[in-house]
Amino acid sequence: MAKVALLIGVSEYEPGLNPLPGAVKDVEAMQQVLLHPEMGGFTETDIMVLKNPQRQDMEEAIENLFAHRQKDDLLVLFFSGHGIKDDTGRLFLATRTTRKTTRGDLIRSSAVAASVVHESMSRSRSKRQVVILDSCFSGAFAEGLSAKDDGTVNIREQYSRDGGI
């Protein structure tokens, strides 16, 4: 079982989107939590950090996080930055080069669509996927997700495996 994390923080933006100085700091704090032996137990080589990435770099890193994984691999995606909805209500994750039109509409090709994350997750063999979005409209992320199992959870088995009962 591998443990792999992708931490993305976007603090700097094109004009039209306010800077978020805390976003990169959030990534650094999350990295420390994951590296802590009693909390995350990840190693430095298990964690990829992107600070203020370009759209293509961010998309490729997300795709790579979920690709070529095994069923029991633990995958963590953390994003801190602006979440933006387009005119149809679809969620996008802003990159440092995300722009809006003069009317204030999102230029979709300058941001990463939540559907890219959804597709990468659904194509992955890993059944242990964690996505943490520290952004506006993060609740919209669940739209478009589909369950891979029958919806049942064996609480006793899960609890005993995690050290309980």
Side-chain angles (χ1 to χ4, degrees), residues 1-14 16-35 39-100 106-149:
M1 170 194 80
K3 293 165 103 174
V4 185
L6 172 60
L7 311 179
I8 304 169
V10 186
S11 292
E12 303 167 2
Y13 294 95
E14 297 285 319
L17 290 173
N18 294 329
L20 296 173
V24 167
K25 292 177 185 172
D26 292 344
V27 164
E28 293 165 354
M30 180 61 76
Q31 184 177 22
Q32 293 307 307
V33 169
L34 293 177
L35 288 171
M39 288 190 272
F42 284 67
T43 65
E44 286 192 43
T45 58
D46 296 329
I47 302 171
M48 179 179 188
V49 174
L50 291 179
K51 296 179 182 178
N52 301 307
Q54 301 281 344
R55 185 201 55 80
Q56 184 170 345
D57 294 336
M58 191 165 138
E59 267 191 35
E60 286 180 12
I62 291 168
E63 191 173 329
N64 287 333
L65 171 67
F66 293 100
H68 312 295
R69 301 300 175 190
Q70 300 305 312
K71 180 180 175 183
D72 291 332
D73 290 350
L74 173 61
L75 309 178
V76 176
L77 171 62
F78 175 80
F79 173 81
S80 182
H82 282 297
I84 303 172
K85 285 187 172 185
D86 71 0
D87 57 344
T88 66
R90 293 183 17 210
L91 177 64
F92 288 78
L93 305 179
T95 68
R96 65 187 284 274
T97 55
T98 294
R99 298 177 316 283
K100 293 184 175 184
L106 174 66
I107 298 174
R108 290 184 297 277
S109 61
S110 69
V112 175
S115 62
V116 168
V117 180
H118 292 162
E119 183 177 331
S120 296
M121 292 172 70
S122 67
R123 295 180 64 126
S124 180
R125 287 189 204 125
S126 170
K127 304 295 183 204
R128 301 173 59 200
Q129 303 173 6
V130 178
V131 176
I132 303 168
L133 301 178
D134 183 3
S135 67
C136 291
F137 306 114
S138 60
F141 182 76
E143 297 171 17
L145 281 178
S146 59
K148 288 186 176 183
D149 64 1

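Predicted, not measured: the structure shown is a model, and the values here were computed from it. Quick note: numbers below take in every heavy atom, side chains included, and nothing from hydrogens, waters or symmetry partners.
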Polar contact flag, side-chain donor to acceptor under 3.5 angstrom, Ser124-Ser126: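 Distance-only check fails for Ser124 and Ser126.
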Does the side chain of Asp26 pick up a donor-acceptor pair with the side chain of Ser80 at under 3.5 Å? yes
Atom pair [atom1]/[atom2] of [X] and [Y] - distance to nearest 0.5 Å:
X     : Y     : atom1 : atom2 : answer
Leu7  : Leu50 : CG    : CG    : 8.5 Å
Tyr13 : Thr95 : OH    : OG1   : 8.0 Å
Asp86 : Phe92 : CG    : CZ    : 4.5 Å
Phe78 : Met30 : CZ    : CE    : 4.5 Å

Please indicate whether Gln56 has more than 12 foreign heavy atoms, meaning atoms of other residues, nucleotides or ligands, lying under 6.0 Å from its CD. no
Mind checking what makes salt bridge (charged side-chain N to carboxylate O under 4.0 Å, His left out) contact with [X], not counting sequence neighbours?
X     : result
Arg55 : Glu59
Glu28 : Lys51
Glu63 : none

Might you point out which heavy atoms bring Ala111 and Leu106 nearest each other, and give the distance in Å?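 Reported closest heavy-atom pair: CB-CD1, 4.3 Å.
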So, Arg108 and Asp87, do they make that salt bridge, N to O below 4.0 Å? yes
